[in-house]
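What follows is a set of notes on a single structure, which appears directly below.
A quick note: this is a predicted structure, and the numbers were derived from the prediction, not measured.
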Amino acid sequence: MLVFALMALTLSVILAFISFWLPTTHPDTEKLSPYECGFDPLGSARLPYSMRFFLVAILFLLFDLEIALLLPLPWAIQLPMPHTVIMWALAILVLLTMGFIYEWAQAGLEWAE
């Protein structure tokens with residue numbers, strides 16, 4: 001057990017030293033900028049945002065929430081009444097699928113016009 005701990009410690013220290021020495025850093029204006037969103041931080045703060053960007057972001061959050069809601073489903077099947085859990089999961093899937101089809105039909109998922 002001591003041998004494995006020493007090997008892990010040695011390997012960790014070696015990799016830490018390599019990670020400090022290996023990369024070559026050439027900072028440019030993009031990396032030195034405090035903002036990473038693509039907007040010019042020195043320009044006007046009154047620029048309009050793209051509404052399509054926010055729609056895509058909200059759709060991403062919605063479908064990410066779907067995954068979070070459906071994640072406990074395999075464990076919930078072991079409950080005494082799994083039919084209720086499966087019914088609610090199917091209701092969530094059907095509702096989100098219908099919303100996805102609607103957004104697709106309305107061309108809400110197209111980034112460029």
Side-chain angles (χ1 to χ4, degrees):
M1 186 72 160
L2 182 65
V3 173
F4 289 122
L6 286 175
M7 284 177 33
L9 181 67
T10 306
L11 185 61
S12 300
V13 169
I14 289 172
L15 289 176
F17 281 124
I18 289 174
S19 70
F20 283 116
W21 288 330
L22 190 61
T24 57
T25 56
H26 300 290
D28 57 357
T29 58
E30 295 296 325
K31 289 184 180 181
L32 294 176
S33 174
Y35 299 101
E36 295 180 1
C37 61
F39 295 107
D40 183 19
L42 303 176
S44 174
R46 304 279 184 231
L47 293 174
Y49 291 111
S50 171
M51 185 56 87
R52 192 166 299 273
F53 172 78
F54 285 113
L55 284 175
V56 171
I58 288 172
L59 285 173
F60 173 76
L61 290 175
L62 182 69
F63 287 105
D64 197 33
L65 178 66
E66 172 196 7
I67 292 170
L69 288 173
L70 295 177
L71 189 62
L73 187 62
W75 292 283
I77 291 176
Q78 299 174 1
L79 292 174
M81 295 185 58
H83 301 295
T84 307
V85 176
I86 292 173
M87 181 188 71
W88 281 108
L90 285 177
I92 291 172
L93 282 174
V94 167
L95 183 66
L96 287 174
T97 302
M98 288 173 30
F100 179 68
I101 291 170
Y102 176 77
E103 284 294 326
W104 195 338
Q106 296 294 321
L109 299 175
E110 293 181 14
W111 185 259
E113 295 180 20

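- Remark: Leu62 CG to Ile67 CD1 distance equals 10.5 Å, nearest 0.5 Å.
- Leu73 pairs by the side-chain contact (heavy atoms from CB on, under 4.5 Å) definition with Val85, Ala89, not counting sequence neighbours.
- Only one option out of Leu61, Leu93, Leu95, Thr97 pairs with Glu66 in a side-chain contact (heavy atoms from CB on, under 4.5 Å); it is Leu93.
- Connection of Trp88 to Ile86 is not established within any shared hydrophobic cluster, with ILVMFWY side chains joined at heavy-atom distances below 4.5 Å, either directly or through further cluster members.
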Side-chain donor-acceptor pairs of residues 6-20 under 3.5 Å, sequence neighbours excluded:
{"from": "Thr10", "atom 1": "OG1", "to": "Leu6", "atom 2": "O", "distance (Å)": "2.7"}
{"from": "Ser12", "atom 1": "OG", "to": "Ala8", "atom 2": "O", "distance (Å)": "2.8"}
{"from": "Ser19", "atom 1": "OG", "to": "Leu15", "atom 2": "O", "distance (Å)": "3.4"}
{"from": "Ser19", "atom 1": "OG", "to": "Ala16", "atom 2": "O", "distance (Å)": "2.7"}

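- With sequence neighbours left out, Trp104 forms a ring pair (Phe, Tyr, Trp, His ring centres under 6.0 Å) with Phe100.
- When hydrophobic clusters are built by joining Ile, Leu, Val, Met, Phe, Trp and Tyr residues whose side-chain heavy atoms come closer than 4.5 Å, directly or via intermediates, Ile92 is grouped together with Leu65.
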